Every structure is written in structure tokens, then in C-alpha cells.
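We count ligands from 1, going down the list as the structure has it; atoms in each ligand are counted the same way. Just so it is clear, the structure is predicted and the values come from calculations on it, not from any experiment. For the single chain, residues carry numbers from 1 onward in sequence order.
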Amino acid sequence: MMYDVLIVGAGPVGTTFARYMVEKGFKVGIIEKKTRIGVPLQCAGLLGKQIKEVNILPDKLIINPFYGAYLHSPSNHVLKVAKDKPAAYVIDRVAYDQFLAERAVDAGAELFLKQNVRDLNLKNTGVLLTNGKKDYSGRIMVGADGSDSIVSRKLSMGSSDEKQLQAAQFLVDFGRDLFDMDCVHLHTYSIISPGFIWVIPLTTSTARVGLFGNFDYHTLNNMLKMFLDSDQDFEGYRVIKKYTGKIPVYNNKKKIVKDNVLLLGDAASQVKPTTGGGLIIGFKCAQIAADAAEKALEKDDMGILREYNANYGKNFKNELKTQLMVQKIFSSLSDDDLDFMFRKLKEEGAEDIISKYGEIDDQSSLVKELFKRGILFKILPKILTRGLSVLLG
Ligand SMILES: Cc1cc2nc3c(=O)[nH]c(=O)nc-3n(C[C@H](O)[C@H](O)[C@H](O)COP(=O)(O)OP(=O)(O)OC[C@H]3O[C@@H](n4cnc5c(N)ncnc54)[C@H](O)[C@@H]3O)c2cc1C
């Protein structure tokens, strides 16, 4: 079967891109290995408020809006940062993936489930895809097939230093009212830094509790258990479900365009270095890629696809660079450094500054503000601020 655009992977980013392309009038096919879209859950489901600008999100899929966060240091110095309007939402991610796939199909995309792509075969102007029995081809092929992307691997679009982190998450029932539903909790520890443990309340007594880091699942599960066991408030908690997943490490050397092939979303390592969140950036990139793909197909000139790479760089390079720097700084801090940093931030009145300038999806504005006010120099060892001065000065 021949398509204008053939997408490998019916995750949220692939199906969003598919919808954009059918709405532009192109014939789109999506190949997905799963039987049921979105299952199993591999996400905390926390999205910054920008989601409402970058994609459709029906209110019925929002479990709870959050106004802010409690940020905890290793010895539990706590900063509370909050806005007067919702800053983020926790969503039903499985239902959201299914909703986005349905919208793509309703718009006219053809979705093929239970099709595990095992190999790619570039022929003539098209892309041939072999999965044992059936062949699909497209004038453009898109790898939206997640962090283990076969498209990226087979076309050598990665680089040798490409990395992934593992993530583990529990759905926990605490058996009694514990949570203020306005805020999530983020717990920092040097051993998992730049990762952190998140506690995202779904109700006053249940929460998604998870973390990501450079450890195997067994170790991550043990860390979560130790975290839950160590807090008296959590006594009697019950783990209802366990989830695992992988988070690609943002790689600025990654090739995202090669001839008539594009990578999108996790397959392109389009994730925030500080939080591992990939949905909002993936959706924005889907829009940028769709604009380039439309022009390339209309003019029958695949060279135009390079505009996707250029515009991705223009939109995200600085933000991702700042986040990489923040991530590096956090990785190098000890528990004592983190405690000191939290104490100092509180003394310097940084809760108000973070509340005002902090955004889940745009962290460079906050870093710049802390830099401008001289606070970064007071909370971080000198050697670490030098790099930031170069970046922000
Ligand atoms: C534990 C955890 C928590 C997270 N929390 C958040 C969060 O709170 N907020 C946030 O923004 N992000 C979060 N993320 C990241 C987010 O889930 C990803 O960035 C997002 O899923 C990327 O979407 P995608 O469509 O690019 O890829 P995916 O969602 O991975 O979809 C890829 C699709 O491709 C299919 N596929 C793969 N290989 C093949 C093949 N060979 N043939 C056919 N189909 C194939 C897969 O089955 C899948 O359906 C989290 C990730 C993890 C692991």
C-alpha cells in the first residue's frame, strides 16, 4: 500500500502528526505493533498548561489540575511554588493516546494495528517497509516509534553516545486523605539526580509515585519502596499497580531528517532534559514537521524536509541547552548541596520568584531571572555557575 506519509508508531506524537497531514489533504498510513493503543501506561501524565495551546485535550481526560508544586530537598526542606491559575494537568494518558488515534482515523488516516515493523527497505523514491507479510510504502516515512526506534536504528540516525534512562512508577493507595489536590510533590536526592521522585495525587488518597534514572528497574522499584517506607505519613500504603518505561536522553547530535525519512517525538529524543517530559515538545515538533512535509510533498522536493530540522533548532535549541546545563548542575550536587540550595532559596525569597517565572515547559526564563538577581551565585558552588554565566550572560 502506497501513502504520501507512512508513520511507524501510533503513540500520541505519531497520531497527532498523522492528523495534521490528513487535514492538509494527504494520504496517511500508521503502522502500530500494539493490539491496544496506549496500553500499558508508561507515563506520569503530567502536562504543563501549554498543552491547551499545542494540542486538543478534552476536559473529560483531565483527572486533576495543579496550581503548583512542593519541592522537597533530601532532608525535607520544602519550597512551595504555585500560581493563581492551573499550571499543569494530570491526565488519563491511556485514554488520551486512544483519543488522539481516533481523531487521526476520523480525519482519514488509515491505522494498522498488530504490525510489528522489523525491517526497512529504502527503494526508489519510496520507503518500503517489511513486516513479514505485508509491505507498506510512503513518499515520506516518519519514525514516531518511541525511544527504541527501529527507524532511527536501521537508518543509523542516532549517534554513538545515545543514552536512555529507565523509569518506574507505582499507583499507590494511601488509605486515607493525605493530599492537597492543588500541588504535586517533587523530591530531590543526589543519587537519582538529575532525576527526582514525583508524587502526583489523583485523589486525596491515591497518587502516581515514580522516578527515572540511570538504574535498572529492580533498583528503581527498590528506591520507590524505600521512599514510601521511610515516610511515616505513608504508613499502611498499598501499591495497586507497577509500571515501567524508558526515557531517551535528549541528544543534540541526533539526525532527525535523512532523505525522505523524519524522526519525531521520543524517537527523535525530543524530551526535556530536566524532567524527561516529551509530550508538549513532541506535539510542537509534529506541527513543525507537518509544515515542512506539506511543502516537500507539494513541490515533490524532499530536500525541503530539512526545514523541519532547521525550525526545530530555532524553536528549541536555547531552551534545551539551558535545560542540559541545569541537568548537568543537578547531577553534580550532593545531598548536602541540595539541602543548602533549598535553604538558601527560601532565605532569598525564591519561592515567589519561582512561582512567578517558573514554567514546567520553559525553564530558561526562571534560570535567567535567578541569574539576573544574583541568586544562582549564592546557591551554587562557583565552579558550576561559570558555565551558566557564559550561556546566559
Ligand atoms: C514513566 C514515565 C513517565 C513519563 N511522564 C511524562 C509526563 O508526565 N509528561 C510528559 O510530557 N511525558 C512523560 N513521559 C514521556 C512521554 O511518555 C513520552 O515522551 C511520549 O510517550 C512520547 O510519545 P511518542 O508518540 O513519541 O512515543 P511513544 O508514546 O513511545 O509511542 C511510540 C509507539 O510506537 C510503537 N512502536 C514502537 N516500535 C514499533 C515497531 N517496530 N513497529 C510498530 N510500532 C512500533 C509503540 O508501540 C508505540 O505505540 C514519561 C515517560 C515515562 C517512561
S334 vs D337, side chain to side chain donor-acceptor pair (under 3.5 Å): CA-CA, chis, key distance, verdict: CA-CA 5 Å; S334 66; D337 291 335; 3.2 Å; yes
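- Side-chain heavy atoms closer than 4.5 Å link hydrophobic residues (I, L, V, M, F, W, Y) into clusters, and following such links, even through other members, never connects L345 to V78.
- Side-chain contact of S190 with D335: a donor-acceptor pair under 3.5 Å is present, judged by distance alone.
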When you check ligand 1 against the protein, what N or O pairs turn up below 3.5 Å? List the atom names and distances, or just say none.
| unit_1 | atom_1 | unit_2 | atom_2 | d |
| --- | --- | --- | --- | --- |
| ligand 1 | 5 (N) | A44 | N | 3.0 |
| ligand 1 | 8 (O) | G45 | N | 3.3 |
| ligand 1 | 8 (O) | L46 | N | 2.9 |
| ligand 1 | 8 (O) | L46 | O | 3.4 |
| ligand 1 | 9 (N) | L46 | O | 2.9 |
| ligand 1 | 11 (O) | G278 | N | 3.2 |
| ligand 1 | 11 (O) | L279 | N | 3.1 |
| ligand 1 | 12 (N) | G278 | N | 3.1 |
| ligand 1 | 17 (O) | R93 | NH1 | 2.9 |
| ligand 1 | 19 (O) | D266 | OD1 | 2.7 |
| ligand 1 | 21 (O) | R93 | NH1 | 3.4 |
| ligand 1 | 21 (O) | R93 | NH2 | 2.8 |
| ligand 1 | 25 (O) | P12 | N | 3.4 |
| ligand 1 | 25 (O) | V13 | N | 3.1 |
| ligand 1 | 26 (O) | D266 | N | 3.0 |
| ligand 1 | 29 (O) | R93 | NH2 | 3.4 |
| ligand 1 | 41 (N) | N116 | OD1 | 3.3 |
| ligand 1 | 41 (N) | V117 | O | 3.0 |
| ligand 1 | 42 (N) | V117 | N | 3.0 |
| ligand 1 | 44 (N) | K33 | N | 3.1 |
| ligand 1 | 47 (O) | E32 | OE2 | 2.6 |
| ligand 1 | 49 (O) | E32 | OE1 | 2.7 |
| ligand 1 | 49 (O) | E32 | OE2 | 3.2 |

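- In this structure, K52 forms a cation-pi arrangement with Y89, its terminal cationic atom sitting closer than 6.0 Å to the ring centre and no more than 45° off the ring axis.
- For F112 and Y136, the ring centers sit closer than 6.0 Å to each other.
- Annotation: ring-ring contact (aromatic ring centres under 6.0 Å, His included) contacts of F212 (sequence neighbours excluded): F196.
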